[in-house]
Amino acid sequence: MDLFNAALGENITFVRPPYFIISGFIGLPDMKYYYVFLFFVFIISVLGNTTVMALIYLDRNLRTPKYVAVFNLALVDLLGSCALVPKLLDIFLLNHYYVPYNECLTFYFFCYTCLSMQALNLVALCYDRLMAIMLPLHYHVNVTYKIMFSLIASFWLIVIVSNLIAVGLLTRLSFCKSLVVNSYFCDHGQIYKLACNDTFPNSVIGRLFPVLILWLPFVFIVFSYICIGCVLAKVATAQERANTFKTCTAHLSLVVIYFIPIIITFTMSASIHPNARIINLSLTSVFPPMLNPIIYVLQTQEIKGSLKKILKMRRQSRVKGK
């Protein structure tokens, strides 16, 4: 943070509050049951993503470049759920609405980093499907461990640097008015709007960030599937088209679950009610991490086969133990 301070001069002082107040839902009774529901979603998410990561680690057949991206998606989902839900329960079930200033910025950083990385991880999985269908003969050249690790590492770098810049710019703000954040967590847009000095850099980041992390990945994925559709249209039989497209259904399901609700929220942000925004964004934050491992287990033959094989081995070991 000293770098930001030095850039604007040493004599500038900023009014930083000791805490922010997270308001949560406005005027809705019995919302504690909603947070209890989020807790059960969190448990399923942790169990599911841990299972997927364990399967990929234990089964040598799943140690391919594609499953590097799948493993990273499960890891991001697990980290995102652990960063968000326990803190939500602490705030709203244990009534700790006053979140210290530094803790709030840290809370924001980890939540947005994981949420952003989920979108970019879907780009990595889309790249795998694109190469597998459009250039099948060159798949093992275009999708290697080196390429996949480089792609994911570059995504992590982009997300971490972007969020560090956003946090750094938040520390340049003075807060001399309300400290109530109208959200369910330390939301960037809701925080900088409370400031009483120049928020132009923050508003620029607030507009640029969704383009970089949301719209560009979504446009790339849509364009990729248009290209895939054109290739499949040239396949000789309907059965071959169906079998090829079936390899994309798991990824497409993840794309729909993640992007559609969040795009609707950002598109209607000016007219949507704060409570509806909170519900939509909170469900978007916790539902994909819960559903992603379920979708991959049910729709991906390799993971389904690996799970069956490991369960069969455990049953056989129990029988032998008896």
Side-chain angles (χ1 to χ4, degrees), residues 1-9 12 14 16 20 65 68-84 87 99-128 145-173 181 183 185-193 195 197-221 255 258-259 262-263 265-266 281 284-285 288-289:
M1 300 308 172
D2 293 336
L3 178 63
F4 288 92
N5 293 335
L8 294 180
I12 299 175
F14 299 96
R16 294 173 181 168
F20 287 107
V68 170
V70 175
F71 185 93
N72 188 66
L73 179 64
L75 176 62
V76 170
D77 288 343
L78 181 62
L79 293 177
S81 296
C82 292
L84 178 64
K87 188 61 181 177
V99 180
Y101 177 82
N102 289 328
E103 187 178 319
C104 198
L105 295 187
T106 304
F107 186 27
Y108 154 78
F109 173 78
F110 282 106
C111 287
Y112 264 85
T113 295
C114 293
L115 192 63
S116 304
M117 194 59 204
Q118 288 176 7
L120 294 180
N121 213 110
L122 293 175
V123 172
L125 290 168
C126 182
Y127 170 77
D128 171 82
Y145 280 110
K146 182 179 180 180
I147 291 174
M148 192 58 75
F149 275 118
S150 299
L151 194 62
I152 290 174
S154 65
F155 287 159
W156 273 110
L157 182 63
I158 290 170
V159 166
I160 290 173
V161 170
S162 300
N163 282 291
L164 282 177
I165 291 173
V167 171
L169 290 174
L170 285 175
T171 65
R172 313 305 306 164
L173 299 177
V181 179
S183 185
F185 76 119
C186 296
D187 196 340
H188 175 265
Q190 301 301 318
I191 291 177
Y192 85 75
K193 291 175 182 177
N197 59 340
D198 182 23
T199 62
F200 178 74
N202 305 88
S203 64
V204 171
I205 287 292
R207 290 178 173 84
L208 184 62
F209 203 80
V211 173
L212 178 66
I213 302 300
L214 180 64
W215 288 107
L216 285 182
F218 183 69
V219 169
F220 174 82
I221 291 171
V255 170
Y258 177 84
F259 280 102
I262 202 167
I263 284 176
T265 301
F266 276 102
L281 282 179
T284 301
S285 300

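By convention here, the first residue in the shown sequence is residue 1.
- Residues Pro289 and Gln118 approach most closely at CG-NE2, 3.6 Å, considering heavy atoms.
- In this structure, the separation between CG on Leu157 and OG on Ser162 is 8.5 Å, given to the nearest 0.5 Å.
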- Item | Verdict with supporting geometry, Phe155 and Asn72, side-chain contact (heavy atoms from CB on, under 4.5 Å) | CA-CA 11 Å; Phe155 287 159; Asn72 188 66; over 6 Å; no

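- The CG atom of Leu173 sits 5.0 Å away from atom CG of Asn197, with the distance rounded to the nearest 0.5 Å.
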- Given Glu103 and Thr106, is the side-chain contact (heavy atoms from CB on, under 4.5 Å) satisfied, shown in steps? CA-CA 5 Å; Glu103 187 178 319; Thr106 304; 5.6 Å; no

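- Minimum interatomic distance between Pro65 and Met148 (heavy atoms only, all atoms of both residues): O-CG, 3.2 Å.
- A heavy-atom distance below 4.5 Å is not found between the side chains of Leu169 and Val204.
- Other residues, nucleotides and ligands place no more than 12 heavy atoms under 6.0 Å from the CZ atom of Phe110.
- Minimum interatomic distance between Leu84 and Cys111 (heavy atoms only, all atoms of both residues): CD1-SG, 3.8 Å.
- Taking CG of Leu281 as the start and OG of Ser183 as the end, the distance is 7.0 Å to the nearest 0.5 Å.
- A 4.5 Å side-chain heavy-atom check between Val255 and Cys126 finds every atom pair outside the cut-off.
- Inter-residue side-chain proximity for Cys82 and Leu78 is flagged as met; some heavy-atom pair is nearer than 4.5 Å.
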- Task: Give the C-alpha distance, both sets of side-chain angles, the deciding distance and a yes or no for side-chain contact (heavy atoms from CB on, under 4.5 Å) between Tyr101 and Thr171.
- Result: CA-CA 10 Å; Tyr101 177 82; Thr171 65; 4.0 Å; yes

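- For the pair Phe218 and Leu122, the minimum side-chain heavy-atom distance is 4.5 Å or more.
- Counting heavy atoms from C-beta on, the side chains of Thr113 and Trp156 come closer than 4.5 Å.
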- In sequence, state the C-alpha distance, the side-chain angles, and the governing distance for Leu170 and Tyr192, and then conclude on side-chain contact (heavy atoms from CB on, under 4.5 Å). CA-CA 7 Å; Leu170 285 175; Tyr192 85 75; 3.8 Å; yes

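- Taking CZ of Phe71 as the reference point, atom CG of Asn121 lies at 11.5 Å (rounded to 0.5 Å).
- Taking CG from Leu151 and CZ from Phe149, the interatomic distance works out to 12.0 Å, rounded to the nearest 0.5 Å.
- Using a 4.5 Å heavy-atom threshold, the side chains of Met117 and Ile152 count as touching.
- Of all non-hydrogen atoms in Cys186 and Val99, the two that sit nearest each other are SG-CG1, 4.4 Å.
- The ring pair (Phe, Tyr, Trp, His ring centres under 6.0 Å) with Phe185 is formed by just one residue from the set Tyr112, Phe109, Phe20; it is Tyr112.
- Note that CG of Leu73 and CG of Leu125 are 6.0 Å apart. Values are rounded to the nearest 0.5 Å.
- When all heavy atoms of Leu216 and Leu212 are compared, the closest pair comes out as CB-O, 4.0 Å.
- For Pro210 against Ile205, the heavy-atom pair with the smallest separation is CD-O, 4.2 Å.
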